[in-house]
Amino acid sequence: MPESDVSAPRRIKLRYFAWVREKTGVAEEDVELPMGVSTVGDLVVWLRSRGPEFEDAFQRPEVVRAALDQRHVKSAALINAAREIAFFPPVTGG
Amino acid sequence: MPESDVSAPRRIKLRYFAWVREKTGVAEEDVELPMGVSTVGDLVVWLRSRGPEFEDAFQRPEVVRAALDQRHVKSAALINAAREIAFFPPVTGG
Amino acid sequence: MAVRVQREDFDAGAEVRLLTSGRADVGAVVTFTGLVRGEAHDSGDARCRPLTSMTLEHYPGMTEAELGRVEAEARARFDLIDSLIVHRYGELTPGENIVLVATLSAHRHAAFEAASFLMDYLKTRAPFWKKETGVDGAGDWVDAREADLVARQRWGRAGEPTA
Amino acid sequence: MAVRVQREDFDAGAEVRLLTSGRADVGAVVTFTGLVRGEAHDSGDARCRPLTSMTLEHYPGMTEAELGRVEAEARARFDLIDSLIVHRYGELTPGENIVLVATLSAHRHAAFEAASFLMDYLKTRAPFWKKETGVDGAGDWVDAREADLVARQRWGRAGEPTA
């Protein structure tokens with residue numbers, strides 16, 4: 001496991017798709033993860049506090065899916081050293 | 001049910017396929033059904049008596065399949081007024 | 001809904017284009033293509049003889065009728081928009097197409113199930129017989145496979161020969 | 001074994017010809033093609049709105065990775081010789097192709113099962129989102145279907161997101 005300096009600011013790319021993107025009004029952004037955010041679920045709680053658009057997009061957090069470095073994860077997943085987290089509705093391809 | 005004169009000779013076309021054809025040496029023939037032949041199984045018993053080629057082709061009657069007027073039937077099927085009876089091995093298409 | 005029995009090859013893509021052309025109600029197309037493999041069928045011993053060619057004999061008239069009955073049964077069981085069966089006969093070499101089944105439906109499960117059903121039924125009902133010719137020039141009739149009978153039985157017993 | 005995500009259309013027949021070309025070990029090819037239907041998805045009320053177009057958004061990078069993982073899972077489960085997934089994105093009109101899955105095997109059951117598995121998995125894992133535009137110009141995101149989750153669960157729970 002790589003060492004990481006837990007006190008250093010952690011920058012991460014956030015991406016939003018489909019109606020999550022439309023509601024947040026943002027397709028992607030780089031953010032600095034606040035202290036205390038260690039899981040995807042923690043991140044969602046913080047995102048909701050950023051304004052009414054985010055409040056709306058994550059109003060029902062259970063219907064928003066997440067991917068950590070382009071792999072599906074549950075909200076309990078640890079962010080650790082991930083570089084990219086994406087949020088989107090349940091997929092409807094095929 | 002159509003009336004039929006049971007005493008009149010009944011002519012019928014017989015067809016043979018795959019190794020049944022190769023063993024009998026005949027692809028098709030018209031025969032007059034002997035008295036007493038009413039089912040496909042009866043016909044097989046009679047066919048076996050026609051010579052060593054037929055004896056050989058129908059040596060294991062349970063592996064020879066039959067069709068009456070181009071529909072699969074079991075050996076107990078009544079021939080009635082059928083015009084064509086075919087004999088062949090289990091099918092192997094597809 | 002169509003059935004064709006032919007000597008010549010078919011083009012699965014072109015057949016599907018014809019079937020879907022001009023319509024917007026089809027959500028799912030499944031095709032099955034069966035091809036000649038370069039090995040003779042297992043014959044009890046474990047050795048696999050290389051195959052030079054395979055010759056398909058059939059029962060003209062009954063083949064078309066039986067394939068039509070198989071297709072009608074599929075359309076009674078599954079919610080299909082259209083379907084097609086093309087089966088070749090004559091001498092075929094390894095790599096060549098033997099059979100094409102195509103099913104069109106609004107939804108994928110009906111299309112998958114119907115195509116699988118058509119193949120399972122066709123294998124045990126359509127009057128075709130395969131003879132394999134090996135590199136030694138000897139020809140052997142292919143034995144019917146128990147596995148094909150089992151596969152068919154999972155759909156129930158409808159359409160079996162009556163006594 | 002290949003995965004492609006593309007704007008342009010595909011030709012299922014040509015793709016299969018490329019996959020089978022020059023080989024004699026393939027006995028069975030199954031293809032699934034998904035197409036845009038001319039009706040909007042059922043949305044609770046029973047009315048079906050006519051559809052003008054459907055736009056597929058996706059997650060470049062993750063889409064390819066996820067389809068690759070789905071395909072690897074299929075090849076671990078089924079006896080496949082080769083497989084292909086092609087998925088389109090962008091704006092598509094009714095009758096147009098959306099997705100192609102092709103599976104090649106020595107025998108038909110593996111090819112059928114694998115194609116069905118690929119579609120069930122892809123439907124619940126590949127990061128695509130459909131937006132339907134009706135004749136009134138209004139766009140609606142398509143809801144995920146419970147039936148797709150059920151279909152996927154018949155293959156077990158492998159590959160679900162970990163906590």
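Just so we're on the same page: letters track the sequence lines, and every chain starts at 1.
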Considering only heavy atoms and a distance below 4.5 Å, find which of C/G38, C/A151, C/G27, C/A115 pairs most often with chain D. C/G27
Is it the side chain or the backbone of D/A111 that comes within 4.5 Å of chain C heavy atoms, both, or neither? neither
Would you mind telling me which of D/V30, D/V101, D/T31, D/T20 has the largest number of heavy-atom pairs within less than 4.5 Å of chain C? D/T31
Could you have a look at C/M119, C/R37, C/K123 and say which one has the most heavy-atom pairs with chain D under 4.5 angstrom? C/R37
Closest-packed option against chain C by number of heavy-atom pairs under 4.5 Å, given D/D25, D/T33, D/V16: D/T33
Which salt bridge (Lys or Arg N to Asp or Glu O under 4.0 Å) pairs, counting each pair once, include a residue from residues 52-61 of chain C, with sequence neighbours left out? B/R21-C/E57
Can you list the residues of residues 7-14 of chain C that sit under 4.5 Å from chain D, counting heavy atoms only? C/D11, C/G13
Ring centroids only, cut at 6.0 angstrom: are D/F32 and C/F112 within range, meaning strictly under it? yes
Region of C/A102 that comes under 4.5 Å of a non-hydrogen atom in chain D: neither
Using a heavy-atom cutoff of under 4.5 Å, enumerate the residues of residues 90-100 of chain D that contact chain C, numbered in order, or state 'none'. D/P94, D/G95
Chain D contact via C/A147 - which portion, at a heavy-atom distance below 4.5 Å: neither
Examine whether an atom of C/R23 lies under 4.5 Å from a heavy atom of chain D, and if so say whether it belongs to the side chain, the backbone or both; otherwise answer neither. backbone
Chain C interface, residue from D/G34, D/A106, D/G22 that has the most non-hydrogen pairs under 4.5 Å: D/A106
Results of salt bridge (charged side-chain N to carboxylate O under 4.0 Å, His left out) for D/D79 - residues two or more places apart only: none
With chain C as the partner, which of D/V36, D/D148, D/L104, D/L51 has the greatest number of non-hydrogen pairs under 4.5 Å? D/D148
Taking all non-hydrogen atoms of both residues into account, name the closest pair between D/L35 and C/V29 and its distance. CD1-CG2, 3.6 Å
